[in-house]
Amino acid sequence: MSAVNNLAKKLVLKRDLSPEGRITNYKGRIRQAIAAISANMTKLVLLNLLMVVACAPMIATYFVMRSQEAAIVAGLNFSTGIGVGFGVSDDTLLAIEKIYDLRLMGYGLAILPTFLLVGLFASGLYYCCRNMLWNTKVKTFKHFFRGIKAHWYKFLLSFAWLGALATGFACTLITVLKETALTGGANAGWWVLMVFIGILALLSALYMMIGQGMYVCYKYTMKEYIVNTCSLTLIFLVPTLIVTLFFSGIAALNFVSIIGMFFMVFMVMIGFSAFAMFNVAFSQYATDNMIAYLYEEEQKVKLKEQEKLAKQRNKEKKKQSQANNYGHGKKKKR
């Protein structure tokens with residue numbers, strides 16, 4: 001408890017941007033998110049299409065690389081030897097090297113721009129999801145662009161960092177796979193670098209699981225966002241880790257052939273919007289149980305102190321009034 005109390009003391013307490021009277025001790029955040037999705041399905045589908053547009057650099061890169069890989073394979077020979085005296089060169093290793101080099105260049109160039117665009121659009125999506133969870137009015141495109149205008153720089157900074165990590169992890173992974181395919185094993189340094197970047201990416205994902213929702217629900221300086229998010233992530237470490245691993249596991253299904261097809265269809269239809277809604281709901285679970293609660297308690301203490309001071313002033317005024325009356329009475333007797 002002492003560790004939690006120490007972290008709680010570091011929190012910068014402010015009221016969030018929600019309307020007066022919002023329920024902060026809401027029970028059942030999953031149920032709340034599902035209800036918000038059901039009530040705003042059409043709007044969320046439209047917002048999801050905008051997020052798909054933000055993925056255009058990665059989508060274009062994928063199809064370009066597919067055609068380029070086909071061109072590489074078409075120009076090489078993969079026959080080993082046909083009978084005695086009919087030796088034919090085998091270009092398998094050359095093909096592997098060229099394909100991995102192509103992927104290294106493609107993903108290395110496409111991931112960061114995609115993340116930047118997704119981050120920019122996410123600021124509008126999260127703003128709309130916040131309003132839906134608060135049961136306030138949402139005009140899809142108007143509030144989407146209002147959210148971008150108000151919060152773009154916060155999301156852009158976070159997604160630029162995530163994009164850099166994703167690029168680094170993808171490039172090291174491709175290098176490891178390339179060296180393993182060509183020589184039977186990758187250099188230990190690449191493995192260490194890949195694991196290190198993976199750990200950084202996991203820690204960053206834990207931060208984002210609370211931080212992204214806080215960006216649109218509270219008005220802080222960037223330093224205060226970082227301090228509050230890090231403190232809340234440590235306080236709610238177990239649930240944050242479980243939620244992060246759960247969504248990471250769902251995303252990993254994309255690499256399973258048959259399931260991956262259904263996953264891609266789901267993401268195109270409503271996947272980005274659904275994730276954002278659950279993300280904001282989880283973030284509010286953390287902030288409502290700590291920041292909102294402690295802020296309300298702080299306000300109650302301040303109110304009691306103000307009432308106490310007001311009573312004390314009234315008593316002093318009464319004493320002063322009685323003293324003045326007593327002085328006037330003495331003068332009259334004289």
Side-chain angles (χ1 to χ4, degrees), residues 16-18 22-52 54-55 115 118-119 121-136 138 140 143-144 147 151 154-155 158-159 162 201-218 225 229 232-233 235-254 259 262-292:
D16 64 16
L17 303 172
S18 64
R22 180 179 73 87
I23 299 172
T24 55
N25 59 344
Y26 192 92
K27 304 298 180 183
R29 300 286 175 168
I30 296 176
R31 184 170 61 249
Q32 180 194 18
I34 292 173
I37 291 171
S38 300
N40 300 277
M41 182 63 75
T42 303
K43 294 175 181 177
L44 289 171
V45 169
L46 290 173
L47 290 168
N48 201 77
L49 289 175
L50 292 173
M51 297 303 297
V52 173
C55 295
F115 267 73
V118 169
F121 281 41
S123 58
L125 173 62
Y126 274 70
Y127 183 84
C128 292
C129 289
R130 178 206 75 174
N131 287 359
M132 291 171 186
L133 286 170
W134 286 346
N135 291 318
T136 57
V138 178
T140 309
H143 284 90
F144 176 78
H151 306 288
K154 309 168 195 173
F155 283 83
S158 295
F159 275 84
L162 285 180
L202 175 61
L203 294 176
S204 300
L206 293 175
Y207 173 92
M208 297 287 279
M209 194 56 63
I210 292 177
Q212 289 185 141
M214 193 187 298
Y215 288 161
V216 294
C217 293
Y218 285 83
Y225 280 121
T229 302
L232 288 177
T233 302
I235 292 171
F236 295 97
L237 183 59
V238 174
T240 305
L241 184 61
I242 291 172
V243 172
T244 302
L245 292 177
F246 174 76
F247 282 112
S248 299
I250 292 177
L253 294 176
N254 183 44
I259 300 175
F262 291 103
F263 179 78
M264 289 300 293
V265 172
F266 172 74
M267 290 303 294
V268 170
M269 290 177 63
I270 197 173
F272 292 104
S273 296
F275 172 76
M277 188 69 76
F278 283 107
N279 191 181
V280 176
F282 178 76
S283 179
Q284 285 186 9
Y285 155 76
T287 55
D288 285 348
N289 280 284
M290 289 301 296
I291 296 177

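Remember, it's a predicted structure, so these values are computed and weren't measured experimentally.
Contact check for Met214 versus Ile291: side-chain heavy atoms found under the 4.5 Å cut-off. Put simply, the side chain of Leu47 does not reach to within 4.5 Å of the side chain of Ile270, judged on heavy atoms. Inter-residue side-chain proximity for Asp288 and Arg29 is flagged as met; some heavy-atom pair is nearer than 4.5 Å. Counting heavy atoms from C-beta outward, Asp16 and Arg22 have side chains that approach closer than 4.5 Å.
In this structure, Met208 CE and Ser283 OG are separated by 11.0 Å, a value rounded to the nearest 0.5 Å. Expressed to the nearest 0.5 Å, how far CE of Met269 lies from CE of Met267 amounts to 12.5 Å. Atom CG of Asn48 is separated from atom NZ of Lys43 by 16.0 Å, given to the nearest 0.5 angstrom. Here CG of Leu241 is found 4.5 Å from CG of Leu245. Values are rounded to the nearest 0.5 Å. Taking CG from Leu232 and CG from Leu237, the interatomic distance works out to 12.0 Å, rounded to the nearest 0.5 Å. In this structure, Tyr215 OH and Lys154 NZ are separated by 8.5 Å, a value rounded to the nearest 0.5 Å.
Minimum interatomic distance between Val118 and Cys55 (heavy atoms only, all atoms of both residues): CG2-SG, 4.0 Å. Heavy-atom minimum distance, Thr140 versus Cys128: O-SG, 3.9 Å. Pairing each heavy atom of Thr233 with each of Tyr207, the nearest pair is OG1-CA, 4.1 Å. Nearest heavy atom pair, residue Ala36 against residue Leu133, reads CB-CD2, 4.0 Å. Between Ala292 and Tyr218 the shortest heavy-atom distance is N-OH, 3.9 Å. In terms of heavy atoms, Phe236 sits closest to Ala286 at CE1-O, 3.7 Å.
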task = Could you give me the CA-CA distance, side-chain angles and deciding distance for Leu50 and Leu125, then say whether side chain to side chain contact (heavy atoms under 4.5 Å, CB included) is met?
result = CA-CA 9 Å; Leu50 292 173; Leu125 173 62; over 6 Å; no

(Q) Lys27 vs Gln32, test: side chain to side chain contact (heavy atoms under 4.5 Å, CB included). Steps then yes/no. (A) CA-CA 8 Å; Lys27 304 298 180 183; Gln32 180 194 18; over 6 Å; no

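For Leu17, the CG atom counts as densely surrounded, since its 6.0 Å shell holds more than 12 non-hydrogen atoms of other residues, nucleotides or ligands.
In this structure, Tyr127 has its ring center no closer than 6.0 Å to that of Phe144. In this structure, Phe272 has its ring center at least 6.0 angstrom away from the ring center of Phe121.
Qualifying ring pair (Phe, Tyr, Trp, His ring centres under 6.0 Å) partners for Phe246, counting only residues two or more places apart in sequence or in other chains: none.
Classified by interplanar angle (parallel below 30°, tilted 30° to 60°, perpendicular above 60°), the ring pair Phe115/Phe159 is tilted. Aromatic ring pairs are classed by plane angle as parallel below 30°, tilted from 30° to 60° and perpendicular above 60°; the pair Phe155 and His151 is perpendicular.
Side-chain N or O atoms of Ser273 include none that pairs as donor or acceptor with a backbone N or O of Val45 at under 3.5 Å. Judged by distance alone, with hydrogens and angles left aside, the side-chain atoms of Arg130 form a donor-acceptor pair with the main-chain N or O of Val216 at under 3.5 Å. Listed for the Asn279 side chain is no donor-acceptor partner under 3.5 Å among the backbone atoms of Gln212. With hydrogens and angles disregarded, a donor-acceptor distance shorter than 3.5 Å links the side chain of Asn289 to the backbone of Tyr285.
With Thr244 as the partner, the side-chain contact (heavy atoms from CB on, under 4.5 Å) test is satisfied by one option alone out of Ile210, Leu203, Leu206: Leu206.
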